[in-house]
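For reference, the structure is listed below as structure tokens.
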Amino acid sequence: MLAGGGYYWRVMREIPVRTVAPRQNVEVRVFGIGTIEAQLVSRVGFQIAGKLIAVEADQGDIVKAGALLARLDDDAQRAKLRKSEATQQQAAANLAKTQAQRARAEVTYQQKKSVNLRRQTLVGRGSVSEEAAEDAKAAEEIALGDARIIEADTRIAAVLQDDAASQRQIDAVVLAQHELRAPFDARVIARSKELGGIANAGEAVFTLIAPDSIWVRAHVDEALAGGLNIGQPAFVRLRSEPNRTFETEVVRIDQENDRLTEERRVYVRCRVCNPEHQIRYLGEQAEVEIVKKTIPDGVFVPFKFVEGFDGRSGTIWMLQNGRLARQRVTLGERLLDGLIQITSGIEGQVVADDRTGLREGRAARPRDGS
């Protein structure tokens with residue numbers, strides 16, 4: 001009797017089991033590890049070499065587009081600019097002089113032409129000698145030649161004036177290159193040169209980023225990346241502030257996965273963060289959770305209670321008409337808290353219990369509160 005009672009107590013008696021209830025509005029999230037990066041990064045420097053005589057910005061500064069960052073010694077270039085300005089003024093004076101000479105030569109030519117015309121008319125009447133008529137004709141031709149020479153000199157003077165203006169413009173541009181200015185509204189994240197140092201042409205003096213281009217580049221397992229789309233909400237937790245969450249959204253998804261790590265690169269950005277926001281330290285590690293979708297109503301079971309999972313289905317325990325039974329079901333989305341969705345195959349109540357006395361056909365009832 002004792003043995004029978006023990007067998008009944010351990011094997012045959014009805015046992016309470018924990019069951020799961022449907023859940024509403026369940027967010028399906030995927031997890032990724034990433035770092036803070038900037039989409040727009042510019043390493044700016046001078047186009048020419050020189051000695052730094054002024055450094056107006058340092059790392060951490062917020063600068064506006066066009067703000068002066070640094071300046072090179074420009075005394076020699078200013079002298080060259082003054083010389084080219086003087087050359088331009090001289091060229092302008094020469095042009096004015098030749099233009100005046102051209103006007104005078106034109107008047108002289110018209111006078112000689114008129115005299116020649118009169119004498120050629122009078123020579124036919126015998127009022128003027130042949131010699132006088134020939135002298136008038138020669139004088140006209142000489143005046144025409146002089147006018148053409150002055151015209152050529154005028155064109156040369158105009159070209160020289162344009163050349164002087166171009167040289168002045170070149171010298172002004174080179175002078176402007178002695179100043180380094182911000183190309184856009186930026187935050188300085190690095191300064192590579194100090195006052196008095198020599199900056200080589202093309203060498204980076206500052207590293208700038210556009211504050212509104214900061215994002216988190218996250219790496220998501222490609223097996224979980226299905227359904228990710230631009231515009232989906234995401235939540236970022238920084239390593240320096242593990243107890244604080246920042247709301248962001250997906251703004252870019254790379255079109256090529258990493259073949260080595262089998263991960264997809266996803267970029268999320270905070271739309272309301274200001275430049276002084278905590279998400280500003282490039283390279284800091286961050287945890288990212290992206291909300292792929294929300295399931296309005298569904299049944300979820302802890303994944304540890306699923307047996308024989310093949311990626312799409314698995315076997316779980318169910319309570320059917322007061323008896324335990326093993327059931328093959330179709331599975332769907334996995335959640336970050338270890339639950340997995342059951343999409344079809346439910347015939348009874350889903351059992352999620354850690355007890356070891358579960359067997360096919362055993363009498364059971366839902367545990368109170370489950």
Side-chain angles (χ1 to χ4, degrees), residues 42-58 61 63-116 136 138-186 188 191-206 208:
S42 180
R43 293 171 177 82
V44 297
F46 293 96
Q47 294 178 263
I48 58 176
K51 182 177 72 172
L52 283 166
I53 62 172
V55 179
E56 305 293 342
D58 199 0
D61 290 350
V63 295
K64 294 292 185 180
L68 179 65
L69 302 177
R71 189 169 68 251
L72 298 176
D73 184 4
D74 57 3
D75 288 346
Q77 186 58 35
R78 288 187 181 276
K80 288 184 65 175
L81 179 59
R82 288 194 296 270
K83 181 180 179 181
S84 62
E85 288 175 344
T87 301
Q88 183 184 13
Q89 293 173 0
Q90 182 181 8
N94 289 335
L95 176 60
K97 178 181 178 181
T98 54
Q99 287 174 339
Q101 290 174 341
R102 181 181 62 180
R104 179 180 177 181
E106 181 64 25
V107 171
T108 302
Y109 167 69
Q110 293 298 331
Q111 180 189 16
K112 298 298 182 180
K113 182 179 179 180
S114 178
V115 171
N116 181 45
E140 179 187 355
E141 292 176 352
I142 292 172
L144 177 60
D146 291 341
R148 289 175 177 174
I149 291 173
I150 296 300
E151 178 66 27
D153 289 342
T154 302
R155 289 197 295 267
I156 292 173
V159 171
L160 291 176
Q161 184 190 39
D162 291 342
D163 179 70
S166 298
Q167 184 60 49
R168 180 192 176 281
Q169 186 176 6
I170 291 173
D171 289 338
V173 169
V174 174
L175 178 62
Q177 291 174 353
H178 284 69
E179 292 183 345
L180 182 61
R181 296 185 177 273
F184 50 84
D185 293 348
V188 182
R191 188 176 81 182
S192 306
K193 291 291 182 180
E194 300 299 332
L195 186 66
I198 300 299
N200 296 319
E203 184 180 12
V205 178
F206 294 95
L208 309 177

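This is a predicted model, so every value here is computed, not measured.
- Residue pairs meeting the salt bridge (Lys or Arg N to Asp or Glu O under 4.0 Å) criterion with at least one partner in residues 82-103, sequence neighbours excluded, are Glu85-Arg168, Arg102-Glu151.
- No more than 12 heavy atoms of other residues, nucleotides or ligands shown are found within 6.0 angstrom of CD on Gln169.
- By the 4.5 Å heavy-atom criterion applied to side chains, Thr154 and Leu95 are counted as neighbours.
- Residue pairs meeting the salt bridge (Lys or Arg N to Asp or Glu O under 4.0 Å) criterion with at least one member in residues 65-75, sequence neighbours excluded, are Asp74-Arg78.
- With a 4.5 Å cut-off on side-chain heavy atoms, Val188 and Leu208 count as touching.
- For Gly196 against Lys51, the heavy-atom pair with the smallest separation is O-CG, 3.6 Å.
- To the nearest 0.5 angstrom, Thr108 atom OG1 is 11.5 Å from Gln101 atom CD.
- For the pair Ile150 and Ala105, the tightest heavy-atom approach, listed with the atom from each and the gap, is CG1-CB, 4.1 Å.
- Ala91 and Gln161 make their closest contact through CB-CA, 3.5 Å (heavy atoms, listed as atom of the first residue, atom of the second, distance).
- Not one N or O on the side chain of Ser114 forms a donor-acceptor pair closer than 3.5 Å with the backbone of Gln110.
- Under a cut-off of 6.0 angstrom, the local environment of NZ in Lys193 is crowded, with over 12 non-hydrogen atoms contributed by other residues, nucleotides or ligands.
- In summary, the side chains of Gln167 and Asp171 do present a donor paired with an acceptor at a separation below 3.5 Å, with no hydrogens or angles considered.
- Using modelled atom types, one side-chain atom of Ser84 and one backbone atom of Leu81 make a donor-acceptor pair closer than 3.5 Å.
- In terms of heavy atoms, Leu72 sits closest to Ala199 at CD2-CB, 4.3 Å.
- Rounding to the nearest 0.5 angstrom, the gap separating the CZ atom in Arg155 from the CG atom in Asp153 is 9.5 Å.
- Asn200 places no side-chain N or O within donor-acceptor distance of the main-chain N or O of Ala49, the cut-off being under 3.5 Å.
- Between Ile156 and Thr98, every side-chain heavy-atom pair lies at or beyond the 4.5 Å cut-off.
- Residues Glu194 and Leu52 have side chains not in contact (no heavy-atom distance under 4.5 Å, counting atoms from C-beta outward).
- Taken from CG in Leu180 to CD in Glu56, the straight-line distance is 11.0 Å, to the nearest 0.5 Å.
- Minimum heavy-atom separation, Ala70 to Phe206: CB-CE1, 4.0 Å.
- Side-chain contact between Val205 and Leu69: absent, with no pair of heavy atoms (C-beta onward) separated by less than 4.5 Å.
- A 6.0 Å sphere centred on CD of Gln47 holds no more than 12 heavy atoms belonging to other residues, nucleotides or ligands.
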